[in-house]
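Have a look at the structure below, then the notes.
As the structure lists them, so they are numbered: ligands from 1, and atoms in each ligand from 1.
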Amino acid sequence: MATFEYTANPARILFGPGTLDRLPEEVRALGGTRVLLIGSPRSAGRAAGLLGPLLTARFERPVPHTPVGVTGTALALVREHGVDCLVAIGGGSAIGLAKALALRTGLPQVVLPTTYAGSEVTAVLGQTDHGGKTTLTSPEVLPETVIYDVELTLALPAGRSVTSGVNALAHAVEALYAPQTNPVTDQLAVQAITRLGRALPRIVADPADLAARADALQGAWLAGTCLGSVGMGLHHKLCHTLGGAFDLPHAETHTVLLPHAMAYNAPAAPAAMSQVAEALGVTDAPRGVHELVVRLGGPTSLRELGLAESDLPRAVELATATPYPNPRPLTAEGIAALLEDAWHGRAPAAAGPPDLRPGGGAA
Ligand code: NAD
C-alpha cells in the first residue's frame with residue numbers, strides 16, 4: 001500500500017475571461033492602497049487604467065531569470081513610493097520580479113499570468129547573480145491572489161504558446177515520477193497533460209480560440225500547482241542549469257529538452273510514462289511529446305537556441321555536480337548522450353521496456 005504526504009499551498013484563484021476587471025477589489029481585499037504595477041506597457045496598460053488612484057508606481061521591464069540587480073532597481077521604487085501591494089501582469093519574468101520583491105519586503109501580491117509558465121502558484125523563486133542561478137523556496141514569495149483572465153493570453157503568439165505550453169507540460173510530467181508523488185498531484189498532472197495536449201494544436205490552428213485558450217490556461221494552472229507541490233527531477237535541473245549558466249531562453253529550453261529527459265527516465269519510471277502516453281493519446285510518451293513539438297513547429301535542438309557545441313562538456317559537469325532525486329541514477333555519460341541528442345535535435349530514443357537491473361529504478 002502506498003504511503004504519501006501532501007502539503008497544499010494556499011492560493012486564491014480567480015479564473016475566466018474578463019476577471020482582470022476584478023483587480024482593484026482584489027488589491028483592496030489585501031489592504032493595498034499604493035500599488036507597484038510590474039509588466040510591459042503592452043500587457044499592463046489596461047490594468048493601469050483599472051487601478052486608477054491605487055496605482056503609485058510602475059516597473060515596465062522585467063527580465064528573465066530574475067537578476068538580483070534588476071530586483072534592486074525595483075526595490076528602490078517600492079521604498080521611494082511607499083508601496084504596500086505588488087501587482088504583476090505578464091509571464092514568469094514579471095511574476096518572478098514580484099516574488100523577489102515580496103521576499104525582500106513581505107508585501108502581498110496579486111498576479112495575472114499571461115503565459116503558461118506556472119510560477120504564480122509556486123513558492124519557488126529562481127534568481128541569477130554573477131552568471132549563476134540559485135533557487136529558493138519560501139512561503140513569503142507565494143502570491144496571495146492569482147487572476148487567470150483567459151483574454152490576457154490571446155495575444156501570446158502561437159510559437160510562444162507552444163514553448164510555454166511545453167514548459168507547463170514538463171511540470172506535470174516530472175510530478176508523475178517525483179519522490180513525493182501522491183494521488184492529488186497525480187490527478188492534477190494527468191488533467192494538465194490532457195488539457196495541454198489537446199489545446200495546443202487548436203491554439204496553433206487559431207490563436208484566438210478562447211475555449212482552447214481556457215483549456216490550456218487551466219492546464220497551466222494545474223501543472224504549476226504540481227510544480228509547487230512536489231520536487232522536480234532531471235528535466236528541470238537541466239533547464240535550470242542551462243538557462244542560468246548559458247542564458248538560454250526558458251520555455252524554449254524546456255521544449256527542446258523534455259522529450260530527451262523523459263527518454264532518459266522512461267526505463268525507471270514506466271508507470272509515469274504510461275500515464276503521460278494515455279493522457280496524450282500516444283503509444284510512447286517521450287516520442288509522443290517530441291512529435292507533438294515537431295507538429296506544432298516548436299524548437300527541437302539546443303543548437304538553434306544558441307548553445308555552442310563546445311559548451312556541452314561544461315553543461316554535463318554542471319548538471320551532474322550536485323546529486324538530487326531522480327528516478328534513474330545520473331551518469332555523466334548518460335547526460336552527455338542526452339545533451340548531444342538534444343543539441344543535434346535528434347528524435348529521442350523510444351521508451352522501451354522498464355529497466356529492471358539493480359539501480360535501474362523501476363520499482
Ligand atoms: P517571460 O515572462 O520572459 O515572457 C516571454 C516573452 O513573452 C516576453 O517577451 C513577454 O513580454 C512575452 N509575453 C508574455 N505574455 C504575453 C502575451 N500574453 N502576449 C504577448 N507576449 C507575451 O517568459 P515565461 O516563460 O513566462 O517565464 C520565464 C521566467 O519564469 C524564467 O525566469 C523562469 O525561471 C521563471 N519561472 C519560474 C517558475 C517558478 O516556479 N519559480 C516557474 C516557471 C517559470
Q: Do me a favour and list the nearest non-hydrogen protein atom to atom 41 (N) of ligand 1 with residue, atom name and distance?
A: Val124 O, 2.9 Å

Q: Distance to 0.1 Å, residue and atom name: give those for the protein heavy atom nearest to atom 44 (C) of ligand 1.
A: His250 NE2, 3.3 Å

Q | Short N or O distance, Pro64 and ligand 1, threshold 3.5 Å exclusive | A | no

Q. Of the options Thr320, Leu318, Leu312, which is the one that meets Ile335 in a side chain to side chain contact (heavy atoms under 4.5 Å, CB included)?
A. Thr320

Q) Of all the atoms in ligand 1, which lie at a distance below 4.0 Å from a heavy atom belonging to Gly91? A) 2 (O), 26 (O)

Q: Pick, from Ala155, Ser43, Ala117, the option with the minimum heavy-atom distance to atom 20 (C) of ligand 1.
A: Ala155

**Q.** Ala220, Gly39, Ser93: member with heavy atom nearest to atom 3 (O) of ligand 1
**A.** Ser93

Q) So, is Leu125 polar-close to ligand 1, with some N/O to N/O distance under 3.5 Å? A) no

Q) Counting each atom of ligand 1 from 1 as listed, which ones have a heavy atom of His65 under 4.0 Å away? A) 31 (C), 32 (O), 34 (O)

Q: Name the closest protein heavy atom to atom 5 (C) of ligand 1, giving the residue it belongs to and the distance to 0.1 Å.
A: Arg160 NE, 4.1 Å

Q: Please determine if Arg314 and Glu317 form a salt bridge, counting it only when a charged side-chain N lies under 4.0 Å from a carboxylate O.
A: yes

**Q.** Selection from Ser119, Ala94, Gly118 by shortest heavy-atom distance to atom 36 (N) of ligand 1
**A.** Ser119

Q. Does Asn167 reach ligand 1 with a nitrogen or oxygen that is under 3.5 Å from one of the ligand's nitrogen or oxygen atoms?
A. no

Q. If you measure every N/O of Leu152 against every N/O of ligand 1, is any gap under 3.5 Å?
A. yes

Q.
Show every ring-ring contact (aromatic ring centres under 6.0 Å, His included) that has at least one partner inside residues 5-51, sequence neighbours left out.
A. Phe15-Tyr148

Q | Presence of salt bridge, Glu151 and Arg213, under 4.0 angstrom | A | no

Q) When you check the gap from the basic side-chain N to the acidic O, do Asp215 and Arg195 get nearer than 4.0 Å? A) yes

Q: Show which atoms of ligand 1 fall inside a sub-4.0 Å distance from at least one heavy-atom site of Thr115.
A: 14 (C), 15 (N), 26 (O)

Q: Give the numbers and elements of all ligand 1 atoms closer than 4.0 Å to a heavy atom of Thr122.
A: 39 (C), 40 (O), 41 (N)

Q: Please identify which atoms of ligand 1 are closer than 4.0 Å to at least one heavy atom of Arg42.
A: 11 (O), 13 (N), 19 (N), 20 (C), 21 (N), 22 (C)

Q.
To check your reading of the model: name the closest protein heavy atom to atom 15 (N) of ligand 1, its residue, and the distance in Å.
A. Thr114 OG1, 2.6 Å

Q) With a cut-off of 4.0 Å, which atoms of ligand 1 are near a heavy atom of Leu227? A) 40 (O), 42 (C)

